[in-house]
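The next block holds one structure in the form of structure tokens; read it before the comments.
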Amino acid sequence: MIRTHDAGTLRAEHAGTTVTLAGWVARRRDHGGVAFIDLRDASGTVQVVVRDLDSVHGLRAEYCVKVTGEVRVRPEGNENPDIPTGAVEVVVADLEVLSEAAPLPFPVAEYEPGTVNEEVRLRYRYLDLRREGPARALRLRSKVNHVIRTVMEENGFLDIETPNLTRSTPEGARDFLVPVRLQPGTWYALPQSPQLFKQLLMVAGMERYYQIARCFRDEDFRADRQPEFTQLDVEMSFADQEDVIDVGEQVVARVWKEVHGYDVPRPLPRLSYADAMARYGSDKPDVRFGQELVDLTGYFAGTEFRVFQAPYVGAVVMPGGASQTRKQLDAWQDWAKARGARGLAYVVVDAETGELRGPVAKNLSEEHLAGLVEAAGAARGDAIFFAAGRRTASQELLGAARLEIGRRCGLIDESAWAFLWVVDFPMFEPVEDDKGEQTGWTAIHHPFTAPTAASLDTFDKDPASALSNAYDLVLNGSEIGGGSVRIHQREVQQRAFEAIGLSPEEAASQFGFLLEAFNYGPPPHAGIALGLDRLVTLLGGYDTIRDVIAFPKTSTGGDPLTGAPTPITPEQRREAGIDAKPRPRGEAEQASGS
RNA sequence: GGUCCCGUGGAGCAGUUGGUUAGCUCGCCACCCUGUCAAGGUGGAGGUCGCGGGUUCAAGUCCCGUCGGGAUCGCCA
């Protein structure tokens with residue numbers, strides 16, 4: 001190395017040592033007769049004193065320099081207690097400019113974080129990452145990866161890579177497609193996850209597989225979504241739900257312990273999907289605060305009020321919500337309509353008299369009004385929001401309202417780590433057409449998810465009530481992982497395909513290779529995948545997963561740094577075979593195997 | 001695909017009911033300055049107000065479209 005020490009490590013005990021440092025000019029303070037340079041490298045910053053003014057005069061911010069000099073304790077009164085190296089400084093004997101820097105597009109020596117436009121930061125991400133905050137996110141992520149690998153290796157898991165060029169499957173998200181030059185007219189797909197490969201690895205007897213795997217899904221962006229993202233992907237043979245949950249808990253417990261010194265309370269609490277929906281209106285409930293939903297379907301049985309003559313009537317209470325202006329209450333209606341609801345009925349409880357007011361109150365009987373505050377768990381001064389209609393949709397609306405209430409009323413304990421498992425997911429959910437008419441069923445998790453023992457015989461005859469051996473890991477209202485016990489019996493898998501309307505021919509065409517593998521003694525197996533980007537975002541308290549990705553993309557899939565994506569030349573287009581017609585004999589029949 | 005917000009020198013922002021030469025802080029360039037640490041001082045350069053169209057005597061400002069960025073609903077097994 002061309003340096004002898006790391007700048008950020010120098011302390012009073014180094015006084016008298018001659019050191020060579022290499023790094024960047026973070027700041028320069030030129031007093032004419034003496035100048036100070038804050039020299040920054042990956043370890044931190046140290047003050048360098050220069051008296052040879054010719055050498056320092058031409059220095060500018062972010063020049064890459066090498067300095068040699070003696071470490072000394074700073075003169076009395078000149079210490080800087082704000083930085084770790086503030087007791088010492090390096091008196092320069094020799095200063096060499098390794099490379100120069102052009103004027104900066106934004107201040108790299110940032111003293112107010114978050115004041116630079118994100119697009120500019122991404123365009124010059126290599127400068128952005130020189131800053132302490134952005135760099136810290138990548139260091140954190142590296143540490144998490146390391147802890148994960150340690151835990152997985154300790155548990156005897158094998159790190160096995162799976163292909164990134166694979167075949168397109170119809171289920172789930174939209175695939176990214178890659179034209180295949182050697183077979184014009186045919187296309188690879190980038191994997192949405194290594195799901196099928198890891199199951200094949202179980203058939204292959206690998207027994208314990210893990211991979212920190214890149215996944216690709218061509219869907220619209222969110223703050224917590226990118227088209228390529230990373231999962232800790234895990235699969236275990238001869239394991240059941242408890243074994244997988246144990247591994248998942250080990251991973252998060254070790255990560256949180258190593259990073260925050262926080263002891264994750266194990267075993268983590270569990271909530272059935274049905275309870276999560278009933279109490280929180282979400283399959284990824286944020287349990288850092290209360291305000292649980294109240295089911296008033298029975299309470300309003302026999303009501304004259306047409307709106308509440310519904311399969312489900314529920315409520316959520318907004319503490320102090322009665323003090324909202326008419327305008328604010330109307331805004332809730334717009335908020336609900338934006339989510340596709342008709343509106344959000346409400347009743348306010350007068351803070352002084354306890355009288356119930358609002359448009360809905362006029363439609364309710366004396367009897368229903370009398371007990372309502374108690375039934376809803378409200379108090380004087382609160383607002384009660386109602387949703388009535390189809391059960392799940394109404395619960396989801398109330399759940400969203402609950403989160404909004406939590407935010408607006410400051411009910412959320414931001415320091416909490418609220419982990420929990422959501423279990424006992426339904427196997428299927430209805431598929432509806434534009435008019436809301438049910439046209440069939442689709443797998444909630446994926447079509448390889450095993451039914452629970454109780455549903456094994458009946459899941460295909462009664463899809464509505466079938467439960468699956470699936471589990472999601474939830475942290476502070478975000479899903480950070482999910483998995484399931486897989487179907488390992490061909491016959492059960494066939495019935496599962498039939499239940500979602502996939503004919504044996506279609507199943508064979510799309511998943512024939514997996515079904516064929518299942519002819520050869522597949523072991524019972526189960527697995528999980530943790531979303532690393534989200535996990536690290538929550539772990540580090542970041543706002544978006546872009547913060548924990550070295551080179552993230554913008555919401556239209558662009559990379560401001562490289563300029564990707566770009567048009568291709570006509571020659572590239574020709575060579576790639578994008579416009580070629582596939583040969584008549586389709587690969588589908590090849591894949592069907594048997 | 002829908003809705004909302006943002007776009008003004010290199011960065012962050014201001015710009016009134018439309019009205020003279022578009023303003024501030026930081027940065028940049030030159031010079032001064034021997035103990036600063038967001039150093040200080042003096043002077044200077046730097047702007048097609050994202051782009052296109054429209055309204056008007058007059059548009060950074062109002063209207064329409066479009067591009068880029070962000071958020072959100074749909075979507076994401």
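Nothing here was measured: the structure is a model prediction, and the numbers come from that model. Chain letters run A, B, ... following the sequence lines, proteins first, then strands; residues in each count from 1.
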Below 4.0 Å: OP1/OP2 of [N] and any side-chain N or O of [X]:
X: A:Arg222; N: B:C73; result: yes
X: A:Arg534; N: B:C76; result: no
X: A:Thr554; N: B:G68; result: no
X: A:Arg29; N: B:U36; result: no
X: A:Arg60; N: B:C29; result: yes
X: A:Arg27; N: B:A39; result: yes

Could you work out the separation of [N] and [M] based on their [atom1] atoms and round it to a whole Å?
N: B:C57; M: B:C5; atom1: C1'; value: 34 Å
N: B:G65; M: B:U3; atom1: P; value: 10 Å
N: B:C32; M: B:G69; atom1: C1'; value: 43 Å
N: B:U61; M: B:G23; atom1: C1'; value: 15 Å
N: B:C49; M: B:G7; atom1: P; value: 14 Å

For side chain to side chain contact (heavy atoms under 4.5 Å, CB included), just list the numbers for A:Ile487 and A:Thr449, CA-CA rounded to whole Å, side-chain angles, deciding distance to a tenth of an Å, and then say yes or no.
-> CA-CA 6 Å; A:Ile487 297 170; A:Thr449 301; over 6 Å; no

Is [N] paired to anything, Watson-Crick or G-U wobble with both distances less than 3.5 Å, and if yes, which nucleotide?
N: B:U66; answer: B:G50
N: B:G12; answer: B:C24
N: B:A38; answer: none

By nearest nucleotide on RNA chain B, pick out whichever of A:Gly557 and A:Arg217 is the more 5' one.
-> A:Gly557

Is there aromatic stacking of A:His31 against B:A39, centre distance under 5.5 Å, plane angle under 30°?
->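 Ring-base stacking flag set for A:His31 and B:A39.
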
Taking the six-membered ring of A:Trp332 (Phe, Tyr or Trp), confirm whether the NZ or CZ of A:Arg408 is under 6.0 Å from its centre and within 45° of its axis.
->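 Yes - A:Arg408 lies over the ring of A:Trp332, closer than 6.0 Å to its centre and within 45° of its axis.
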
Side chain of [X] only, please: which of [options] is the nearest?
X: A:Arg339; options: B:C75, B:G12, B:C73; value: B:C73
X: A:Pro105; options: B:C37, B:G10, B:G69; value: B:G10
X: A:Gln47; options: B:G69, B:G10, B:C37; value: B:C37
X: A:Asn78; options: B:C75, B:U36, B:C31; value: B:U36
X: A:Arg51; options: B:U34, B:G69, B:G10; value: B:U34

Which is it for A:Val422 and A:Tyr471 under the side chain to side chain contact (heavy atoms under 4.5 Å, CB included) test, yes or no, and what are the steps along the way?
-> CA-CA 6 Å; A:Val422 176; A:Tyr471 31 88; over 6 Å; no

Rounded to the nearest Å, what distance is computed from the [atom1] atom of residue [X] to the [atom2] atom of nucleotide [N]?
X: A:Ile37; N: B:G35; atom1: CD1; atom2: P; answer: 17 Å
X: A:Glu119; N: B:G68; atom1: CD; atom2: P; answer: 10 Å
X: A:Gln231; N: B:C76; atom1: CD; atom2: C1'; answer: 12 Å

Suppose we call a contact any N or O donor and acceptor under 3.5 Å apart; does that hold for the side chain of [X] and the base of [N]?
X: A:Glu89; N: B:G35; result: yes
X: A:Arg72; N: B:G35; result: yes
X: A:Asn117; N: B:G7; result: no
X: A:Arg28; N: B:C37; result: no

Name the nucleic acid region contacted by A:Ala35, choosing base, sugar-phosphate or nothing; use a 4.0 angstrom heavy-atom cut-off, strictly under.
-> nothing

Passing option when A:Glu62 is tested against A:Arg27, A:Arg28, A:Arg131, A:Arg40 for salt bridge (charged side-chain N to carboxylate O under 4.0 Å, His left out) | A:Arg40

Which pair of heavy atoms, one from A:Pro552 and one from A:Arg546, lies closest together, and at what distance?
->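 Closest approach of A:Pro552 to A:Arg546: CG-O, 3.5 Å.
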
